[in-house]
K.L.:
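Input: one structure, supplied below.
None of the values given here were measured: they were computed from a predicted structure. For ligands, and for the atoms within them, numbers begin at 1 and follow the listed sequence.
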Amino acid sequence: MDDTRHHIVVHYGELGLKGRNRPVFLHALMRNLHQALSSLGEGSVEQQSGRLLLTAPERVPWEQLEERLHQVFGVANFSRCWTAPHDLEAVKQAVSRALHGRTFGSFRITARRAFKELPWGSQEISRTLGTHVLETHATRVDLKNPELVVHVEVIPRRTLIYVEKTVGAGGLPVGTGGTLLGLLSGGLDSPVAAYRMMKRGCQVHVVHFHSYPFLDRASQHKAHTLARLLTRHQYHTKLCMVPFGEVQQRIVSAVPAAYRVVLYRRYMLRIADVLAQQLGAHALVTGESLGQVASQTLSNLRVIEAVSTLPVLRPLIGMDKAEIMAQAEAIGTYATSILPDQDCCTLFVPRRPATRTTLPDIEAAEQALDTPALLQLALEGTQRITCDFPEVPTSASREAALEA
Ligand code: ATP
Ligand code: MG
């Protein structure tokens, strides 16, 4: 047994149900776990009888491992574990190590055998180890409502012992659900929307529309920080920074004020649609939620999405603002999202935006604009940034590039 390393057992949930695609899902999960821990030193990820076994250097604090593992979609739960060979005396010693320094009023042993070619059964393991714990700790057995559960899992070649399960992020491993392009403002909603699609196994690249030099770079910095936060879950993100101020100015000068916001959105989607094709994305994602603002009425959403050749996914459509805010807090994007900035949509916003536009009206209004020229203008000025997790040292210089 190698005691100079952390051993971690990872259980996967929904993933276990994926039938014939299971190897694909497992492979993605293993690759992602490997990537999540890659900067912490030499480690391993190994598949064993319906669970995964990980190792990491012991010098890495458990809290850091926990934080990293918590970000990996597809993990139902994980536990720090102790391992022993198929030998009850050795298992007893491992149980003692697992319980070292703990006090608990009651406990139970939960034994499972994924490997059955052994002379001892689950009952016998539980009895022997239960007696051992009673001999070494001032405690009692409580099968129904124990304070502590000692899990013992017998797998080929070894026995795993663990006492605490940390709930994982759930969902499906990133990379199994296809590629998307998320429209990422500096606000609260869009990062949560991207997160929810990553949780369903998608790789979500992002696009941000900014109004520099009409406004300062604050929204770009926020979008970059948000993209980096999201990258912790998918390891690689492409961020497209699209100059949108000129497009907005042309819209402002050519169409009725009440239509501006719907037109801004239609041009954003048109541009995103082109970028998505370039990035190999199969759908767009927005943070729209029904009725939240004037541009998010059902009739306006319909008019807006009419310009996209790709499906527009809106994972927050039925969520309340309070629910979205709670989720933003939970995923760590809230603090960045609420930083003050002038989003491009605060520029030239009409006092009374139309809440019920129709496609013929909007299309007629757009006749006043040279759409191909506007798209070309925005696409030509688009800057591409790459975010990686773990972050590579050059990210600082990329940030500096943004300032230039
Ligand atoms: P958010 O909190 O995501 O900014 P919001 O409630 O402010 O959303 P809107 O400003 O109407 O709503 O934006 C709706 C959606 O359009 C956003 O969730 C986002 O997906 C997209 N979007 C809006 N502004 C931008 C932008 N500047 N860059 C990229 N996408 C944007
Ligand atoms: Mg916004």
K.L.:
Would you mind listing which atoms of ligand 1 come within a distance below 4.0 Å of any non-hydrogen atom of Gln296?
P.N.:
6 (O), 9 (P), 11 (O), 12 (O), 13 (O), 14 (C)
K.L.:
What do the steps show when you test Asp273 against Ser308 for side-chain hydrogen bond (donor to acceptor under 3.5 Å, both in side chains), and what is the final call?
P.N.:
CA-CA 6 Å; Asp273 205 66; Ser308 177; 3.1 Å; yes
K.L.:
Should you measure from each heavy atom of Leu183, which atoms of ligand 1 turn up under 4.0 Å away?
P.N.:
19 (C), 20 (O), 21 (C), 29 (C), 30 (N)
K.L.:
Give the atoms of ligand 1, by number and element, whose distance to some non-hydrogen atom of Leu188 is under 4.0 Å.
P.N.:
2 (O)
K.L.:
Just by distance, with hydrogens left out, do Thr166 and His70 show a side-chain donor and acceptor under 3.5 Å apart?
P.N.:
no
K.L.:
Output the list of atoms in ligand 1 that are nearer than 4.0 Å to some heavy atom of Gln292, sorted by atom number.
P.N.:
5 (P), 6 (O)
K.L.:
Quick check on the 6.0 Å ring-centre criterion: do Phe107 and His137 meet it?
P.N.:
no
K.L.:
Please could you name the atoms of ligand 1 that Thr286 approaches to less than 4.0 Å, counting only its heavy atoms?
P.N.:
20 (O)
K.L.:
So is Arg265 touching ligand 1 or not, going by heavy atoms under 4.0 Å?
P.N.:
yes
K.L.:
For a quick check under 3.5 Å, do Thr286 and Glu288 share a side-chain donor-acceptor pair by atom type?
P.N.:
yes
K.L.:
Can you find a side-chain donor-acceptor pair between Tyr212 and Ser219 that sits under 3.5 Å?
P.N.:
no
K.L.:
Below 4.0 Å, non-hydrogen atoms only: which portion of His210 touches ligand 1? Side chain, backbone, both or neither.
P.N.:
neither
K.L.:
Would one find an N or O of Asp189, backbone or side chain, under 3.5 Å from an N or O of ligand 1?
P.N.:
yes
K.L.:
State whether a side-chain donor-acceptor pair under 3.5 Å links Thr309 with Gln277.
P.N.:
yes
K.L.:
Hey, which atoms in ligand 1 end up nearer than 4.0 Å to a heavy atom of Val293?
P.N.:
11 (O)
K.L.:
Could you tell me whether Glu323 and Arg196 have a side-chain N and a carboxylate O separated by less than 4.0 Å?
P.N.:
no
K.L.:
Just jot down the ligand 1 atoms closer than 4.0 angstrom to any heavy atom of Gly287, in number order.
P.N.:
17 (C), 18 (O), 20 (O)
K.L.:
Would you tell me which option among Ser185, Ala328, Ala194 has the nearest heavy-atom contact to atom 22 (N) of ligand 1?
P.N.:
Ser185
K.L.:
Quick one: which ligand 1 atoms are inside 4.0 Å of a heavy atom on Leu184?
P.N.:
28 (N), 29 (C), 30 (N)
K.L.:
If we ignore angles and hydrogens, is there a donor and acceptor under 3.5 Å between the side chains of Gln296 and Arg314?
P.N.:
no
K.L.:
At a non-hydrogen distance cut-off of under 4.0 Å, which region of Ser295 contacts ligand 1 (side chain, backbone, both, or neither)?
P.N.:
side chain
K.L.:
Mind checking salt bridge (charged side-chain N to carboxylate O under 4.0 Å, His left out) for Glu366 and listing every partner two or more places apart, or none if nothing turns up?
P.N.:
Arg266, Arg270
K.L.:
Does an N or O anywhere in Phe209 fall below 3.5 Å from an N or O of ligand 1?
P.N.:
yes
K.L.:
For the 3.5 Å polar cut-off, considering only N or O atoms, please tell me whether Val207 and ligand 1 meet it.
P.N.:
no
K.L.:
Between Thr297 and Thr355, is there a side-chain donor-acceptor contact under 3.5 Å, judged purely by atom types and distance?
P.N.:
no
